[in-house]
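Working notes, beginning with the structure itself.
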2 protein chains.
Amino acid sequence: MSVAEIGDRVGLSSTPCWKRIQRLEADGVITKRVALVDQDKIGLGLSVFVSIESGDHSDAWLKTFADAVSAMPEVIEFYRMAGDVDYMLRVVVADMRAYDQFYKKLIGTVPLKNVTSRFAMEKIKSVTALPVPPMTVS
Amino acid sequence: MSVAEIGDRVGLSSTPCWKRIQRLEADGVITKRVALVDQDKIGLGLSVFVSIESGDHSDAWLKTFADAVSAMPEVIEFYRMAGDVDYMLRVVVADMRAYDQFYKKLIGTVPLKNVTSRFAMEKIKSVTALPVPPMTVS
DNA sequence: CCTGAAATTATCTACCA
DNA sequence: TGGTAGATAATTTCAGG
C-alpha cells in the first residue's frame with residue numbers, strides 16, 4: 001500500500017503520513033519491512049515446538065546456551081519461560097530427517113536436563129499482525 | 001531493498017528480477033509484504049504459549065473450535081499437534097489482566113479437557129526469516 | 001530469459017499555514 | 001501538526017536480442 005493510500009484511509013495527505021511512518025521507524029516501533037513466504041511452498045513444512053528444562057541455571061551456562069541456539073537458523077522463536085518449562089523454541093525444518101539433525105545439534109551444544117519436541121500436524125492460523133486495539137476518536 | 005539492488009546481488013538486471021518476484025507473488029510463495037513492529041513498544045509485551053487437550057475429537061467440534069479460535073486476534077499462531085497436546089497456541093496480549101480476559105473467552109467458547117498456559121519471561125530470539133538453504137551454483 | 005531505456009508511480013524534500 | 005508542490009528515485013512497461 002502506498003503512503004498516499006494509507007493517508008487516505010486515516011484522512012491525512014501523504015507528507016504528514018509519511019513523516020509519522022518515518023518516526024515509527026526512527027523510534028524502533030517499526031523494526032523492519034519483510035516479504036512473508038509460504039513455508040510449505042519452499043519445502044519447509046515441519047514446525048516443531050520444543051520445550052527445554054535446563055538443570056544448570058548459571059549466567060555463564062545461559063549465555064553459552066542463548067548464543068548457540070540464537071545462531072541456529074531453524075530456530076524462529078526462542079523464549080525464556082516462567083514455570084515448569086525453562087525455554088521454549090519454535091523450530092522450522094523441511095522434514096523429520098532435518099529435525100533429527102537439528103535435534104542432535106541442539107543436544108550436542110550444551111547439557112540439557114530435558115527436551116520435549118511437539119510436532120505440528122496442521123497449521124490452522126499463523127499471522128504476524130498483532131492485536132492492536134482499535135483507535136478511539138477523541 | 002530496491003529491485004535493482006536485489007538484481008545486483010544475484011547478478012541480474014532489474015526487469016528479470018522484478019518478473020521473478022512477480023511470479024513468486026502470483027504463485028503464492030510470497031504471501032504478503034508487511035512491516036514488523038516491536039511488541040513491547042506498542043504495549044503488547046506478554047507472549048503466552050497455550051497447550052490444549054480437547055477431549056472431543058469430532059469434525060463438528062473441531063470446526064467450531066478452529067473458527068472461534070482463529071477469529072481471536074490475540075492468537076498469532078494456532079496449530080493442531082501430534083502427541084499428548086492436541087492444540088498449541090501462541091498468544092500475544094498486553095499483560096496478565098488481558099491474558100485472563102482472553103483465557104476466559106477461550107474456555108467459554110467450547111468445552112476443553114485441559115488448558116495449560118506457559119508465560120514467556122524473556123524473548124531471546126524472534127525472527128520471520130525461514131532457514132532457506134544457500135543456493136548451490138550449478 | 002535477458003538487457004536497456006522509456007513511461008509511470010511512488011517516495012522524499014522544501015517550504016508554508 | 002498538517003498541507004501543496006516539486007525533485008528524486010523507485011517500479012513497471014516496452015522494444016529488441
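Chain letters run A, B, ... following the sequence lines, proteins first and then strands; every chain starts at 1.
Distance CZ (A:R23) to P (C:dC12): 16 Å, rounded to an integer number of Å. Atom CD of A:Q22 is separated from atom C1' of D:dT1 by 16 Å (rounded to the nearest Å). One atom, CG of A:D8, and another, P of D:dG2, lie 15 Å apart when rounded to the nearest Å. Summarising the geometry, the separation between CD1 on B:I21 and P on C:dC2 is reported as 13 Å, rounded to the nearest angstrom. Straight-line distance from the CG atom of A:L12 to the C1' atom of C:dT11: 16 Å, rounded to whole Å. Distance A:M1 CE to C:dA10 P: 13 Å, rounded to the nearest Å. Whole-Å rounding puts the A:E5 CD to C:dA10 P distance at 8 Å.
At least one side-chain heavy atom of A:L89 sits less than 4.5 Å from a side-chain heavy atom of A:F102.
A ring-centre distance under 6.0 Å is found for A:Y79 and B:F49.
Below 30°, between 30° and 60°, or above 60°: for B:Y87 and B:F78 the angle between ring planes is between 30° and 60°, a tilted geometry.
Salt bridge annotation for A:K105-A:E74: present, with a cationic side-chain nitrogen under 4.0 angstrom from a carboxylate oxygen.
Taking the side chain of A:S2 as heavy atoms from C-beta on, and the options D:dG2, C:dT3, C:dT11, the nearest nucleotide is C:dT11.
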Polar pairs (N or O, both sides) under 3.5 Å between protein and nucleotides 13-15 of chain D?
from: D:dT13; atom 1: O4; to: B:T15; atom 2: OG1; distance (Å): 3.3

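At most 12 non-hydrogen atoms from other residues, nucleotides or ligands lie less than 6.0 angstrom from CG of B:D59.
Membership of the apolar cluster around B:V34 extends to A:V34, A:L36, B:L36, as traced through chained side-chain contacts below 4.5 Å between ILVMFWY residues.
Put simply, A:R20 has no side-chain N or O that comes within less than 4.0 Å of OP1 or OP2 on D:dT1.
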